[in-house]
Amino acid sequence: MSVLDKKLEGVKSVAILGHVRPDGDCIGSCLGLLDYLEAVCPEVEAVVYLEDPVPKFKFLQGFEKIHDLSGETWTATDAVPVYDLCVCLDCGDADRLGEGKKILEAAQSSLCVDHHITNKGYAEDDVVEPDSSSTCEVLYGLFKEEGITREVAECLYTGIVHDTGVFKYPCTSPKTMVIAGKLMEKGIDHTKIIDESFFQRTYLQNQILGRALFESIAFLDGKCIFSVIRLKDMKFYGVTSKDLDGIVEQLRVTEGVECAIFLYETEPHIYKVSLRSSSDLDVAKIAAYFGGGGHVKAAGCTMSGSIYDVINNLSGHIEKQLKEREAACTTE
């Protein structure tokens, strides 16, 4: 019996939460659990709470049932919905649940399922597997085989695809590929999932990507590259943060680059920072120093100041790791 099975015993209501600005793994795992519960525990009332979910995932069953937390503010404690169980997915820190944190605090019991190495273990029970490619991969191991319907498989496959970069990131393991194969056996249209949710872009998204690449700057002898999109740029192109997905990955695959940095301005002089590593550089360590988190090769944080301040602070930590590696190689 899995931890999930034990937590579901005697439960009549379940709240499913994910992190703010939910990505493919977050949405896939949340809807995957929702569809799973509807298949194996139809008597349980389950509700997914997410902040402004990206419309490109609307093909997943249950998307239209998501309770959008955007603009939601529970000022009175008695107004917060109370559930028997709160399951937090793909979120390493309770503060990243946004308004959903209040639901977690009000719940009778809680469970966190995640794969981030920086997870702080904030729930009553935690299943954190840093070696897994995604939270969807972790969930697969908690689900009963009979509960993995085609709809559940679509959700889990979507999450795995997004967190592995279509199976090309280092987090992809033989186990990941075996699970993906088993999900494909459920009859999902894997080609459509990859094309429409991962690769497909709108005309405006291509324009802002082109802008970011054109204005990118390489530094530290070409080992690092960064680009930034300001609020005025987003307003000019008519795009939102949702339209910036994939830019940091495109920067990362630049020849000779070991670390890619992408910034976008969320409010004046406040930047959301995405970090990607193509080598043994540990960007999770860098992000954690600035209050963020993530994985060794993919992490993020929020920083304030001028663009120069942000890049200067980040480059100091990157350069330190490069020098430590060089010193270690010399010693050997």
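What's counted below: heavy atoms across the whole structure, side chains too, no hydrogens, waters or symmetry copies.
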Quiz item: Under a single-linkage definition using a 4.5 Å side-chain heavy-atom cutoff for Ile, Leu, Val, Met, Phe, Trp and Tyr, are V128 and I160 assigned to the same hydrophobic cluster?
Solution: no
Practice problem: Would you check if the distance from the ring center of Y157 to the ring center of H162 is below 6.0 Å? | Solution: no
Self-check item: Cationic N near anionic O, under 4.0 Å, R276 to E249
Solution: yes
Practice problem: Answer yes or no: is there an ion pair linking E38 with K65, defined by an N-O contact shorter than 4.0 Å? | Solution: yes
Quiz item: Quick one: does L156's side chain get under 4.5 Å of F143's, heavy atoms only?
Solution: yes
Practice problem: Applying side chain to side chain contact (heavy atoms under 4.5 Å, CB included) between V310 and each of L314, N313, I307, report the one that passes. | Solution: L314
Quiz item: For I188 and T158, what are the C-alpha separation, side-chain angles and deciding distance, and is it a side chain to side chain contact (heavy atoms under 4.5 Å, CB included)?
Solution: CA-CA 10 Å; I188 65 174; T158 298; over 6 Å; no
Practice problem: Answer yes or no: is there an ion pair linking D233 with R230, defined by an N-O contact shorter than 4.0 Å? | Solution: yes
Quiz item: Ring centroid separation for Y169 and H295, is it under 6.0 angstrom?
Solution: no
Self-check item: Closest contact, heavy atoms only, G238 versus L204
Solution: O-CD1, 4.0 Å
Self-check item: Side-chain ion pair, D131 and K175, N-O less than 4.0 Å
Solution: no
Quiz item: Can you check whether L69 reaches L50 side chain to side chain, under 4.5 Å on heavy atoms?
Solution: no
Quiz item: Of all heavy-atom pairs between S278 and R252, which one has the smallest distance, and what is that distance?
Solution: OG-CG, 2.9 Å
Quiz item: Yes or no on salt bridge (charged side-chain N to carboxylate O under 4.0 Å, His left out) for E265 and K232, after CA distance, side-chain angles and deciding distance?
Solution: CA-CA 9 Å; E265 199 172 19; K232 64 179 182 180; over 6 Å; no
Exercise. Kindly give the heavy-atom pair with the smallest separation between V248 and S274, and that separation in Å.
Key: CG2-O, 3.7 Å
Quiz item: Do I311 and V257 share a hydrophobic cluster, counting only Ile, Leu, Val, Met, Phe, Trp and Tyr and linking them when any side-chain heavy atoms are less than 4.5 Å apart?
Solution: no
Quiz prompt | Interatomic distance, R201 atom CZ to D245 atom CG [nearest 0.5 angstrom] | solution = 8.0 Å
Exercise. Report the distance from atom CD1 of I261 to atom OH of Y271, rounding to the nearest 0.5 Å.
Key: 13.5 Å
Quiz prompt | Interatomic distance, Q250 atom CD to S216 atom OG [nearest 0.5 angstrom] | solution = 10.5 Å
Self-check item: Full working for salt bridge (charged side-chain N to carboxylate O under 4.0 Å, His left out) between K242 and D52
Solution: CA-CA 10 Å; K242 298 178 187 177; D52 199 16; 2.8 Å; yes
Quiz item: Distance only, no hydrogens: is a donor on one side chain within 3.5 Å (strictly under) of an acceptor on the other, for Q200 and D195?
Solution: no
Self-check item: Audit row: S227, I217, side chain to side chain contact (heavy atoms under 4.5 Å, CB included) steps and yes/no
Solution: CA-CA 6 Å; S227 188; I217 297 174; over 6 Å; no
Exercise. Report yes or no: do T135 and D90 form a side-chain donor-acceptor pair below 3.5 Å?
Key: yes
Self-check item: Residue pair S29 / C136, side-chain heavy-atom distance below 4.5 Å
Solution: yes
Self-check item: Exercise: do E51 and H19 side chains pair donor with acceptor under 3.5 Å
Solution: no
Self-check item: Ion pair check, K120 and D93, cut-off under 4.0 Å
Solution: yes
Quiz item: Do L33 and V48 belong together in a cluster built from hydrophobic side chains that touch within less than 4.5 Å?
Solution: yes
Quiz item: In Å and rounded to the nearest 0.5 Å, what is the CG to CD1 distance from L209 to I247?
Solution: 5.5 Å
Quiz item: How far does OG1 of T240 sit from NZ of K235, to the nearest 0.5 angstrom?
Solution: 15.5 Å
Quiz item: How far apart are the closest heavy atoms of C30 and L17, and which atoms are they?
Solution: SG-O, 3.7 Å
Quiz prompt | Salt-bridge criterion met for R325 and E258 (N-O under 4.0 Å) | solution = yes
Quiz prompt | side chain to side chain contact (heavy atoms under 4.5 Å, CB included) between Y83 and V11, worked out | solution = CA-CA 9 Å; Y83 291 85; V11 165; over 6 Å; no
Self-check item: Donor-acceptor contact present, side-chain K102 to main-chain V80, <3.5 Å
Solution: no
Quiz prompt | Carboxylate-amine/guanidinium contact K186 E145, below 4.0 Å | solution = yes
Quiz item: Taking C-beta and beyond as the side chain, do L89 and D114 meet within less than 4.5 Å on heavy atoms?
Solution: no
Exercise. Indicate if L231 and V239 have the same hydrophobic cluster label, given that clusters are the connected sets of ILVMFWY residues with side-chain heavy-atom separations under 4.5 angstrom.
Key: no
Self-check item: Minimal non-hydrogen separation, A284 against D282, with atom names
Solution: N-OD1, 3.1 Å
Quiz prompt | Separation between NE2 of H116 and SG of C91, rounded to the nearest 0.5 Å | solution = 8.5 Å
Self-check item: Closest non-hydrogen atom pair between G294 and T118, with its separation
Solution: N-OG1, 3.2 Å
Quiz item: So do F262 and I229 actually touch side chain to side chain, heavy atoms under 4.5 Å?
Solution: yes
Practice problem: Determine, using the 4.5 Å side-chain heavy-atom cutoff (strictly less than), whether I148 and V44 are members of one ILVMFWY cluster. | Solution: yes
Quiz item: Does the side chain of S13 come within less than 4.5 Å of L85's, by heavy atoms?
Solution: no
Quiz prompt | S315 vs F219 side-chain heavy atoms within contact, under 4.5 Å | solution = yes
Quiz prompt | side chain to side chain contact (heavy atoms under 4.5 Å, CB included) assessment of L244 paired with M234 | solution = CA-CA 10 Å; L244 308 179; M234 295 171 72; 4.2 Å; yes
Quiz item: Below 4.5 Å, heavy atoms only, C-beta onward: do C88 and L111 meet side chain to side chain?
Solution: no
